[in-house]
Amino acid sequence: MSEDAPQPRRRREPLWLKLGAPLVIGVLALAAWEALIYFKEIPWYILPGPIKITETLIRDWHMLWPSLLATLRVTALALLVAVVGGFSLAVLFASARWIELSLFPYAVILQVTPIVAIAPLIIIYVDNLTIALLICAWIVAFFPILSNTTIGLNSADHNLLDLMRLYGAKRRQVLWFIRIPGALPFFLGGLRISGGLALIGAIVAEFVAGGAGAGSGLAFRILEASYRLEIPRMYAALFLISATGIVIFLAFTVLTNLLLGRWHESAIRREG
Amino acid sequence: MDPLVRLTGVAKRFPNGTLAVDRVELAIPAGSFVTLLGPSGCGKSTVLRMIAGLVEPTAGRIDWPGLPEAERLGGHPELGFVFQEPTLMPWASVADNIRLPLRVAGLSKAEAEPRIAEAIAMVGLEGFAHAFSRELSGGMKMRVSIARALVTRPKLLLMDEPFAALDEITRFKLNNDLLGLWRQLKWTVVFVTHSVFESVYLSNRILVMSARPGRIVDDLPIDAPYPRDDGFRVSDAYGDLCRVVSRSLHHAIAA
């Protein structure tokens with residue numbers, strides 16, 4: 001085969017640069033923060049430094065860890081329901097236009113109404129607190145998956161669809177062979193957004209619920225600490241929430257690269 | 001002998017009122033290489049898509065005298081279609097792309113594998129079975145598309161300007177390979193192009209179409225002997241035939 005050469009893959013930036021550059025910025029920022037507190041003599045109960053926050057994180061771990069688990073549980077369950085629900089609904093939408101036309105506006109309404117405004121009602125009506133939190137987080141998380149997957153299922157190559165007709169393919173075959181694989185990049189894009197949103201939904205709902213006790217999440221720890229003016233613990237809980245969000249995002253980025261690495265433009269690196 | 005497919009008074013008016021194709025009379029004998037030649041937008045592709053059953057004609061009939069009814073149940077396994085774009089599934093390897101029609105037909109892996117390997121060998125893509133479409137050049141992608149069309153062992157291959165987007169050197173090469181496959185497999189081919197040179201090189205019959213509404217205005221036999229190769233491309237006979245066909249196309253556009 002002497003036809004024009006296959007396109008070369010894009011070269012990666014060196015790993016040390018990709019990891020090192022943001023790391024250096026982070027360390028510098030933390031050092032500046034610590035220095036500011038040291039030289040300006042800001043008391044820790046107003047603005048704690050990174051060292052104090054780390055100490056608090058370790059000291060209060062016995063209390064923060066169960067809270068982290070509680071928040072994670074709600075986030076993960078909400079995301080799971082959002083994935084199953086959003087994906088199934090998208091398949092339903094793609095299979096019949098009238099279903100999409102009649103249901104999509106309500107999905108939008110659910111999406112544009114701020115969760116903080118609905119959460120109190122949900123918490124009043126739903127007895128089980130975990131389920132109430134789950135519903136709140138789900139409302140926020142499911143829409144990106146639904147809307148992205150719907151677009152993905154509907155953007156199949158028309159020539160491929162014609163080809164399937166020519167072969168006498170059944171609807172189910174068109175869905176499995178063409179539409180769903182083609183929708184995968186859209187679905188994964190939605191998943192990355194929903195992962196973060198599920199966490200936000202869970203935190204917002206916890207704030208509104210304000211519930212105490214053994215099963216209470218990180219947001220409640222922040223509320224509780226703020227009543228007692230325990231600023232370092234607020235920061236420690238905040239750090240954990242933020243770290244959770246980062247981990248969720250990175251996990252889905254890795255998943256996306258694993259699934260799309262060989263074929264989709266978004267996951268392929270090209271020679272500049 | 002009955003023609004493989006016959007179009008009688010076929011017309012197509014699109015929902016927006018455009019009459020794309022009008023009064024097409026056409027009989028394609030088995031084993032022939034027929035080219036529909038015409039200016040852009042003359043309805044060549046529409047005729048091809050009507051033969052494939054992808055577009056319903058608004059008037060006239062399409063019959064398959066050369067094909068028993070039973071063989072055409074459940075889609076058109078007797079048809080292969082190659083589009084202008086390779087139309088590959090980017091998420092699937094070369095082998096999986098070629099497997100698609102066999103998967104739809106429900107062939108087992110054991111039945112499918114040798115046929116896929118055979119199709120890959122026919123288009124000269126040995127060693128690329130596991131490559132993905134984006135790792136291939138334009139010409140190689142088109143080869144995959146042709147392999148996918150021939151893996152079902154079609155009686156009739158419909159090709160809609162398959163090489164229009166390729167550079168000339170690649171196109172010449174694919175022209176030669178296509179002719180080789182046609183002679184080896186004894187298909188019937190209906191080929192659509194707007195290139196006089198390509199149509200003369202490939203076909204044993206050229207149908208010249210006028211601009212919208214598309215109508216067949218000339219039926220030119222190209223009786224240069226096969227096998228044709230690069231020697232034919234530079235021969236006087238080829239030049240003469242191209243001149244005749246160009247003149248006919250010119251009239252068709254002016255009419």
Side-chain angles (χ1 to χ4, degrees), chain A residues 1-11 148-149 151-189 191 255-271, chain B residues 49 52-55 72-77 79-93 96-97 99-106 123-128 130-143 145 148-149 152 154 158 160 166-167 169-171 173-174:
Chain A
M1 298 297 306
S2 60
E3 287 143 21
D4 49 316
Q7 298 140 12
R9 293 286 192 83
R10 182 191 276 193
R11 197 181 53 228
N148 272 29
T149 312
I151 293 171
L153 290 171
N154 286 332
S155 47
D157 183 336
H158 279 264
N159 282 339
L160 270 177
L161 296 180
D162 277 348
L163 209 58
M164 292 300 272
R165 257 177 71 197
L166 190 78
Y167 299 148
K170 296 175 186 70
R171 282 176 84 95
R172 178 178 45 83
Q173 290 179 313
V174 176
L175 187 68
W176 277 109
F177 297 170
I178 306 292
R179 289 193 191 269
I180 289 181
L184 191 63
F186 295 84
F187 167 77
L188 289 168
L191 187 62
L255 181 72
T256 303
N257 285 338
L258 280 178
L259 290 176
L260 305 183
R262 268 196 89 180
W263 67 273
H264 199 257
E265 291 298 335
S266 66
I268 289 165
R269 287 151 200 89
R270 197 179 299 190
E271 211 92 33
Chain B
R49 297 171 82 84
L54 295 174
V55 172
R72 301 203 303 112
L73 291 177
H76 294 259
L79 298 187
F81 202 106
V82 179
F83 298 91
Q84 181 172 348
E85 298 82 31
T87 315
L88 303 179
M89 303 179 291
W91 57 85
S93 67
D96 285 339
N97 267 288
R99 191 191 317 273
L100 181 68
L102 304 180
R103 264 179 96 189
V104 171
V123 296
L125 282 179
E126 294 98 334
F128 287 93
H130 302 294
F132 279 63
S133 117
R134 72 169 317 284
E135 297 162 343
L136 305 175
S137 68
M140 290 158 89
K141 284 182 200 166
M142 197 39 87
R143 287 172 187 276
S145 191
R148 180 181 56 195
T152 59
L158 304 166
D160 190 1
L166 300 177
D167 66 274
I169 295 167
T170 306
R171 193 191 318 173
K173 205 157 178 271
L174 280 165

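Within every chain, numbering begins at 1; the chains are lettered A, B, ... in the order of the sequence lines, protein sequences first and strands thereafter.
In this structure, chain A has a heavy atom under 4.5 Å from the backbone of B/A131, while its side chain stays farther away. Heavy-atom distances place both the backbone and the side chain of B/F81 under 4.5 Å from chain A. At a 4.5 Å heavy-atom cutoff, B/I169 makes no contact with chain A through either its backbone or its side chain. Contacts between B/R49 and chain A at a heavy-atom distance below 4.5 Å involve the side chain alone, from C-beta outward.
Among the residues in residues 156-164 of chain A, those with a non-hydrogen atom closer than 4.5 angstrom to a non-hydrogen atom of chain B are A/D157, A/N159, A/L160, A/D162, A/L163, A/M164. Contacts from residues 172-182 of chain A to chain B, taken as heavy-atom pairs separated by less than 4.5 Å, involve A/Q173, A/F177, A/I178, A/P181, A/G182 in sequence order.
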